[in-house]
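Have a look at the structure below, then the notes.
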Amino acid sequence: MKSDAVKKGVQQAPHRSLFNALGLTKEELDKPLVGIVSSYNEIVPGHMNLDKIVEAVKLGVAMAGGVPRVFPAIAVCDGIAMGHIGMKYSLVTRDLIADSTEAMALAHQFDALVMVPNCDKNVPGLLMAAARINVPTVFVSGGPMLAGHVQGHKTSLSSMFEAVGAHAAGNMSDEELEDFECKACPTCGSCSGMYTANSMNCLTEVLGMGLGGNGTIPAVYSERIKLAKHAGMKVMEMWEKNIRPRDIMTEDAIINALTVDMALGCSTNSMLHLPAIAHEIGMDFKIPFANEISAKTPNLCHLAPAGPTYMEDLNEAGGVYAVMNELNKKGLIKTECMTVTGKTVGENIKHAVNRNPKVIRPIENPYSETGGLAVLQGNLAPDGSVVKRSAVVDEMLVHEGPARVFDCEEDASEAILGGKIVAGDVVVIRYEGPKGGPGMREMLNPTSQIAGMGLGSSVALITDGRFSGASRGASIGHVSPEAAMGGPIALIEEGDIIQIDIPNHTLNVKVSDEEMARRRENWQPREPKVKTGYLARYAALVTSGDRGAVLEIPKK
């Protein structure tokens, strides 16, 4: 056992004395030591139930012959952090989570791990850590929130943000806004649409690191507790068989995840997190590759914010396995990949049934023949940019309009709410990338304000920052290189004509090469917005959005 390094032999007598201080018995010290990484806290709605999940995992581990020991991981609620300095600290926690979990797991020599995340950066951060640590590991999330109900209709957090824009436009009263406020988020859990948290929990299932139902069983269902017990039991099986994360998270598994991402219409943030996870297994993931997958993968689901269905509906329809089984009818899934069930992907999904073709379109009748995400390149984004194609209305798939340029999110929001943005405009928000932000803030406020003001079918938004999974519309993020690195987005001027062609994967500005060269000569790097603390260190180490914003030591 790996934990023998801290339990066996004369030299380890001091170590055992500390285990005695924990109340562990000699019998327990003869068993595998299993770390339970708990993301529980009392500030994130998706995490307030994780204490119960953790207790169920502990019971499952103990039932199967292991000794569970809990240690924490942090989590930020993106919704609460949205629209202020707090959002600078959201993406950056992914690497803190990975680093701190690596430190705890290797310092204490755990034989196996069960990861208990739920929200946006927790899930990829712990997947990154699992790949680094590479001891038998199983994931079990806290589960999605149930949809809200307002005026007889299901709703969610994205509708809440858009309601603010509708209120500003005079289309919603104070009383109606308060009604939304009180009913949009009715239970604990990760917010109820196909936002980033639920996207990544579903993709954890696809990667093979979570049991069936990990991404879709609602947080408030007792079935979630049973799933957690089974996760605890299953990690002991993984330990006995010595099946490790790098046996599961292979290049083929990453391709499966990207394929299902396209079918589900996942958050654009998956195009930050999948490259980062791939980086940890040594895979060179260049985001334009996603277009190859998208070209052959039909989009089968329109979950909120792209459509009127929610995670609870996907769960009832058969969940992630049912989506994978539909895709496998055309041979789009690599079925030989190993999973934490101890079985291959093919064995896991072969009996999955699509119980609701309105929620999961049959492969013969997709929403579109191509996937939910697209990567755009051109003279405005030479290294790529990302758009959630499945959430863009048809009339905005191709768009040309004048640039309205802002150097931060707040200025853009002020202009939108002040009625200064009109139909046809292309809102450009720059210096919000991984380095420039720093922290690559999500732009849910401006995208929701555009929708709420009734401009969702006539105004586009591009940024070197990123978008929430709750964003919809012609919202193009991750523009690379970013402005802070002198990317072309830094050279755009008010009124320049921006050309967006999502079907042909292009993003260009109608400015000559000669004029762009002249502007580049006059461009000067900006002073860093933050010069001390973690954000300053992060900005010094972070790479661009097209590389997943991974951290690397600068080359000398």
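Only this structure's heavy atoms are used, side chains among them; waters, hydrogens and symmetry mates stay out. Since the structure is predicted, the reported quantities are computational estimates derived from the model, not experimental observations. The first residue of the sequence shown is numbered 1, and numbering continues consecutively from there.
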Query raised in the report: So, the side chain of Asn214 versus the backbone of Ser141: is there a donor-acceptor pair under 3.5 Å, distance only?
Result: yes

Report task. Hey, could you give me the CG/SG distance between Asp411 and Cys408, rounded to the nearest 0.5 Å? Result -> 3.5 Å

Query - Where Ser192 and Ser156 come nearest, the two heavy atoms and their spacing - result: OG-CB, 3.3 Å

Query raised in the report: Can you find a pair of side-chain heavy atoms, one from Lys388 and one from Pro305, that are under 4.5 Å apart?
Result: yes

Query raised in the report: Just by modelled atom types, is the Gly143 backbone N or O under 3.5 Å from a matching donor or acceptor in the Ser190 side chain?
Result: yes

Requested in this report: Could you pull out all residues at least two apart from Asp78 that satisfy salt bridge (charged side-chain N to carboxylate O under 4.0 Å, His left out)?
Outcome: Lys121

Query raised in the report: Would Thr216 and Asn315 count as having a side-chain donor-acceptor pair, cut-off 3.5 Å?
Result: yes

Query raised in the report: Under 4.5 Å between any side-chain heavy atoms of Lys183 and His149, yes or no?
Result: no

**Report entry** Non-hydrogen atoms of Thr137 and Ala130 that approach each other most closely
**Finding:** CG2-CB, 4.2 Å

Query raised in the report: Just by distance, do the side chain of His279 and the backbone of Pro275 share a donor-acceptor pair under 3.5 Å?
Result: no

Report task. May I ask you to test the Leu146-Tyr310 pair for a side-chain heavy-atom distance under 4.5 Å? Result -> no

Query raised in the report: Going by atom types alone, do Asp120 and His273 pair a side-chain donor with an acceptor below 3.5 Å?
Result: no

Requested in this report: Using a cut-off of 6.0 Å, state whether more than 12 heavy atoms not belonging to Glu414 lie near its atom CD.
Outcome: no

Requested in this report: Please answer whether the main-chain N or O of Val150 pairs with a side-chain N or O of Thr155 as donor and acceptor at a distance below 3.5 Å.
Outcome: no

**Report entry** Pair Phe110 and Phe71, ring centroids less than 6.0 Å apart
**Finding:** yes

Query raised in the report: Do other residues, nucleotides or ligands put more than 12 heavy atoms under 6.0 Å from Met283 CE?
Result: yes

Requested in this report: For Tyr40 and Asp51, work out which heavy atoms get closest and say how close.
Outcome: CD1-N, 3.5 Å

Report task. Flag yes if more than 12 heavy atoms outside Lys154 fall under 6.0 Å of its NZ atom; otherwise flag no. Result -> yes

Requested in this report: Report yes if the side chains of Leu227 and Glu223 come closer than 4.5 Å at any heavy-atom pair, otherwise no.
Outcome: no

Requested in this report: Could you tell me whether Arg526 sits above the aromatic face of Tyr431, with NZ or CZ closer than 6.0 angstrom to the six-membered ring centre and within 45 degrees of the axis?
Outcome: yes

Query - Check: Pro45 and Cys188 side chains under 4.5 Å, non-hydrogen atoms - result: no

Query raised in the report: Is a side-chain donor-acceptor pair under 3.5 Å present for Asp261 with Ser270?
Result: yes

Query raised in the report: Which atoms form the tightest heavy-atom contact between Pro434 and Asp464, and what is the distance?
Result: CD-O, 4.2 Å

Query - Distance in Å, Ile217 CD1 paired with Glu312 CD, rounded so as to fall on 0.5 Å steps - result: 13.5 Å

Report summary line: dist Leu177:CG -> Asn171:CG (nearest 0.5 Å) comes out at 12.5 Å

Report task. Quick one: do Asn269 and Ser199 satisfy side chain to side chain contact (heavy atoms under 4.5 Å, CB included)? Show the steps, please. Result -> CA-CA 9 Å; Asn269 283 312; Ser199 294; over 6 Å; no

Query raised in the report: Would a 4.5 Å heavy-atom cut-off, applied to side chains only, mark Pro481 and Ser544 as touching?
Result: no

Query raised in the report: Got a second to check how far Asp313's CG is from Cys301's SG, nearest 0.5 Å?
Result: 10.5 Å

Query raised in the report: Which distance, rounded to the nearest 0.5 Å, do you find between the CG of Leu380 and the CD1 of Ile498?
Result: 5.0 Å

Query raised in the report: Under 3.5 Å, is there a donor-acceptor pair between the side chain of Arg441 and the main chain of Ser90?
Result: no

Query raised in the report: Does the Gln449 side chain pair with the main chain of Gly165, one donor and one acceptor, at a distance under 3.5 Å?
Result: no

Report summary line: Only one of Glu409, Glu442, Glu432 passes salt bridge (Lys or Arg N to Asp or Glu O under 4.0 Å) with Arg466, and that residue is Glu442

Query raised in the report: Quick check: are there more than 12 heavy atoms from other residues, nucleotides or ligands sitting under 6.0 Å from CD of Glu42?
Result: no

Requested in this report: In plain terms, say whether Asp99 and Arg132 are close enough for a salt bridge, that is, a side-chain N and a carboxylate O under 4.0 Å apart.
Outcome: yes

Query - Residue pair Tyr195 / Ser158, side-chain donor-acceptor N/O under 3.5 Å - result: yes

**Report entry** Donor-acceptor under 3.5 Å (Ser39 side chain, Val116 main chain)
**Finding:** yes

Report task. Inspect the contact between Asp425 and Arg404 and indicate whether a charged nitrogen and a carboxylate oxygen are less than 4.0 angstrom apart. Result -> yes

Report task. List the steps and the verdict of salt bridge (charged side-chain N to carboxylate O under 4.0 Å, His left out) for Asp496 and Arg519. Result -> CA-CA 13 Å; Asp496 285 348; Arg519 293 180 187 181; 2.7 Å; yes

Query - Donor-acceptor contact below 3.5 Å, side chain Thr447 vs main chain Met443 - result: yes

Query raised in the report: At their closest point, which heavy atom of Val422 faces which heavy atom of Val459, and how far apart are they?
Result: O-CG2, 3.3 Å

**Report entry** Arg472, CZ atom: more than 12 neighbouring heavy atoms under 6.0 Å
**Finding:** no

Requested in this report: State whether the side chain of Ser173 and the backbone N or O of Glu176 hold a donor-acceptor pair below 3.5 Å, judged by distance alone.
Outcome: yes

Query raised in the report: Has Glu178 got more than 12 heavy atoms of other residues, nucleotides or ligands less than 6.0 Å from its CD?
Result: no

Report summary line: Rounded to the nearest 0.5 Å, the CD1 atom of Ile462 sits from the NE2 atom of His478 at a distance of 13.5 Å

**Report entry** Main-chain N/O of Asn118 paired to Asn201 side chain as donor or acceptor, under 3.5 Å
**Finding:** yes

Query - Electrostatic pair Lys435-Glu482, nearest N-O below 4.0 angstrom - result: no

Query raised in the report: So, are Asp407 and Arg430 salt-bridged, with charged N and O less than 4.0 Å apart?
Result: yes

Query raised in the report: Take atom CE in Met172; do more than 12 heavy atoms of anything else shown fall under 6.0 Å from it?
Result: yes

Query raised in the report: Does a side-chain heavy-atom distance below 4.5 Å link Leu314 with Met311?
Result: yes

Query raised in the report: Which atom pair, heavy atoms only, marks the closest approach of Lys88 to Leu535?
Result: O-CD2, 3.4 Å

Query raised in the report: Looking at Glu55 and Lys52, does any basic side-chain N land under 4.0 Å from a carboxylate oxygen?
Result: no

**Report entry** Ile53 side chain near Ile225 side chain, heavy-atom distance below 4.5 Å
**Finding:** yes

